[in-house]
Amino acid sequence: MLRGGLAAGLLAPLAGCGSVADLGGGGPDGTTVRFWNLFSGADGAKLSTMIDAVQQEVPGLGIDATVLAWGSPYYTKLAMSSAGGRAPEMAVLHLSRLAGYAPGGLLDPWDLDLLAEFGVTEQDFPAAAWQRAQHDGQLYAVPMDTHPFILFYNRDVAGRAGLLGPDGELLPLTSPEAFLDAGRAMAAATGATGVAYGYQVDTGQALRLFLSFYGQLAGELDLSGDTVGIDRAAAEEVVDFAHRMLDGEIADPTASYPAALSTFNAGRAGMILSGEWELPGFQEAGFPLGATPFPALFGRPRGYADSHSFVLPHQDVVDEDRRRATHRAAAGLLKQTLTWARAGHIPAYKPVLQEPGYAELEPQTSYASAAETAVYDPAAWFTGAGSTFQDQVSQALIRGFSGAASPRAAVDDVVERIDAMLRIPDPEA
């Protein structure tokens with residue numbers, strides 16, 4: 001039963017859990033919604049601000065938020081609480097994890113009529129996120145945001161490299177050679193490297209890069225059968241491109257993810273391929289920052305992304321008043337996601353993107369369209385944020401990116417590792 005959280009190798013000890021106790025307490029009618037999430041630091045502070053705003057707008061509605069440790073501890077405890085009858089009314093789940101929770105009965109579906117009553121409908125969300133939030137024809141997750149893998153750039157470096165257009169924005173990079181040439185020009189401008197990109201420490205960086213470019217060339221990996229459905233030629237082309245980029249001039253083939261962040265912040269690279277969640281750190285560095293969606297070097301615009309979403313952990317006995325309050329709480333939080341956008345995340349609730357305050361956010365508005373072209377992890381019970389799948393596939397890719405293996409050998413390794421995971425019995429079956 002503990003599908004996803006346990007079966008995917010997530011039997012890590014439950015540690016580092018903290019609680020944000022009684023953020024409002026609810027009203028006399030007992031409409032407190034217990035809400036588990038994994039946001040600490042600046043994101044946690046922004047979520048607290050959003051919760052406070054919802055409670056002020058809706059008298060009698062309380063949201064009691066508990067923060068748990070990111071990754072395995074969070075997803076393990078969420079699965080155990082749902083299976084054991086001790087689940088909260090609402091929780092945060094990465095959409096990439098939904099395939100490991102909804103099919104096994106660990107989540108309950110949302111009531112579309114109730115959501116509509118509180119001003120939330122399908123038309124309010126990017127199609128990619130809404131589609132990924134479905135299981136068996138029902139909505140099991142309400143997307144809160146899209147957090148994509150994008151391209152940030154230093155406007156000063158780009159200007160010295162001759163890569164800014166008349167509007168002061170980065171010139172479009174629409175082919176592999178154009179991107180590599182831009183990297184060389186930026187390396188000349190910095191006297192160091194052109195592109196900051198690292199895949200050690202956070203190995204998921206390799207998978208994000210691969211799925212972005214593979215999505216442009218061939219779509220998504222298919223994990224619905226006994227073996228992975230993959231276009232080997234397209235996969236090898238992506239690995240070869242990454243290796244050409246990591247040539248020591250355009251990008252450092254040995255850089256870790258933290259080192260890449262430091263390189264970009266110090267002005268020793270003109271561009272960085274990274275998640276939008278790094279935006280606050282780049283802004284603190286103080287240089288003129290620009291951003292674009294992930295570059296469409298292989299045709300159609302596609303880029304890796306994930307989404308935080310609200311889910312209903314399974315309740316053996318549903319309190320209808322509390323379930324109604326939960327729908328209202330989710331709708332209220334969606335309408336407060338302009339606060340969330342200040343951290344770099346793209347609000348999934350599209351009416352927020354039309355608010356005057358969002359138009360003032362730079363460079364967030366420059367990459368907002370990335371939500372419409374998102375490529376998620378391939379759907380399977382063992383994939384998703386922080387999963388063994390991400391690490392295992394990335395380890396195979398890293399060998400090809402670095403030149404330790406040929407593109408063909410690296411892709412063979414990817415296929416072998418994924419096929420091995422597909423042979424593990426689905427806990428629900």
Side-chain angles (χ1 to χ4, degrees), residues 8-9 96 99 149 175-177 179-180 183 195 197-248 250-257 260 273-274 294-306 373-424:
S96 62
F149 200 53
S175 72
E177 293 307 323
F179 185 87
L180 297 176
V195 180
Y197 172 71
Y199 45 61
Q200 304 292 349
V201 180
D202 181 357
T203 57
Q205 288 289 97
L207 182 66
R208 294 170 191 133
L209 184 77
F210 175 80
L211 291 180
S212 296
F213 286 134
Y214 183 85
Q216 295 176 14
L217 282 165
E220 299 185 15
L221 299 176
D222 181 4
L223 305 189
S224 62
D226 295 332
T227 60
V228 59
I230 185 171
D231 182 327
R232 287 177 180 260
E236 290 178 24
E237 187 172 354
V238 173
V239 174
D240 179 65
F241 171 77
H243 178 56
R244 293 171 63 202
M245 178 182 74
L246 294 162
D247 65 352
I250 299 170
D252 182 353
T254 65
S256 69
Y257 181 52
L273 296 166
S274 187
F294 195 83
L297 306 186
F298 295 95
R300 55 182 171 169
R302 302 290 298 278
Y304 177 84
D306 206 339
T373 57
V375 176
Y376 291 88
D377 274 37
W381 65 266
F382 51 78
T383 63
S387 64
T388 301
F389 168 83
Q390 288 196 343
D391 180 64
Q392 285 292 309
V393 175
S394 291
Q395 292 292 350
L397 291 169
I398 286 169
R399 296 184 66 245
F401 288 6
S402 66
S406 69
R408 175 175 290 184
V411 172
D412 285 345
D413 194 4
V414 167
V415 170
E416 181 177 343
R417 292 178 188 234
I418 296 177
D419 284 351
M421 286 181 254
L422 288 170
R423 287 193 293 269
I424 299 173

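Along the sequence shown, the residues carry numbers beginning at 1. Remember, predicted model here, so these are calculated numbers, not experimental data.
Listed for the Ser394 side chain is a donor-acceptor partner under 3.5 Å among the backbone atoms of Leu207. Using modelled atom types, one side-chain atom of Asp306 and one backbone atom of Ser96 make a donor-acceptor pair closer than 3.5 Å. Counting only distance, with no hydrogens or angles, the side chain of Arg208 and the backbone of Phe149 share no donor-acceptor pair below 3.5 Å. Using modelled atom types, one side-chain atom of Thr383 and one backbone atom of Pro378 make a donor-acceptor pair closer than 3.5 Å. Checking side-chain atoms of Glu236 against main-chain N and O of Ser406 turns up no donor-acceptor pair under 3.5 Å. Without hydrogens or angle criteria, Gln205 side chain to Tyr197 main chain gives no donor-acceptor distance under 3.5 Å. Although no hydrogens or angles enter the test, the distance criterion places a donor-acceptor pair under 3.5 Å between the side chain of Tyr199 and the main chain of Pro253. In this structure, the side chain of Arg302 does not engage the main chain of Leu217 through any donor-acceptor pair within 3.5 Å. Side-chain N or O atoms of Asp226 include none that pairs as donor or acceptor with a backbone N or O of Arg423 at under 3.5 Å.
In this structure the side chain of Phe210 never reaches within 4.5 angstrom of the side chain of Val393, judged on heavy atoms. At a threshold of 4.5 Å between non-hydrogen side-chain atoms, the residues Ile398 and Gln200 count as touching. Looking at heavy atoms from C-beta onward, Asp377 lies in side-chain contact with Phe389 at the 4.5 angstrom threshold.
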Given side-chain contact (heavy atoms from CB on, under 4.5 Å), test Val195 with Phe179 step by step and report yes or no. CA-CA 10 Å; Val195 180; Phe179 185 87; 4.1 Å; yes

After noting the C-alpha distance and the side-chain angles of Val238 and Leu211, does the key distance pass the side-chain contact (heavy atoms from CB on, under 4.5 Å) rule? CA-CA 9 Å; Val238 173; Leu211 291 180; over 6 Å; no

Working note: Ile418 + Ile230, criterion side-chain contact (heavy atoms from CB on, under 4.5 Å); need CA distance, chi angles, decisive distance, verdict. CA-CA 11 Å; Ile418 296 177; Ile230 185 171; 6.0 Å; no

Would Met421 and Leu223 satisfy side-chain contact (heavy atoms from CB on, under 4.5 Å), going step by step from the backbone distance to the final call? CA-CA 10 Å; Met421 286 181 254; Leu223 305 189; over 6 Å; no

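Taking Phe213 as the reference, Phe241, Phe294, Phe298 meet the ring pair (Phe, Tyr, Trp, His ring centres under 6.0 Å) condition, with sequence neighbours excluded.
With rounding to the nearest 0.5 Å, the separation of CG in Asp240 from CZ in Phe401 is 11.0 Å. To the nearest 0.5 Å, atom CE of residue Met245 and atom CG of residue Asp252 are 10.5 Å apart. Once rounded to the nearest 0.5 Å, the distance linking CD of Glu177 with CZ of Arg244 reads 4.0 Å.
Of all heavy-atom pairs between Pro301 and Ala296, the closest is CA-CB, 3.7 Å. Of all heavy-atom pairs between Tyr376 and Ala305, the closest is CD2-O, 3.4 Å. The minimum heavy-atom distance linking Ala99 with Ala380 is given by the pair CB-O, 3.6 Å. Contact record, Val228 with Asp419: N-OD1, 2.8 Å, taken as the closest heavy-atom pair. Smallest separation of non-hydrogen atoms from Ala234 and Ala218: CB-CB, 3.9 Å.
Using modelled atom types and a 3.5 Å distance limit, the side chains of Thr203 and Asp391 yield a donor-acceptor pair.
Using a 4.0 Å cut-off between charged side-chain N and carboxylate O, Asp412 and Arg408 make no salt bridge.
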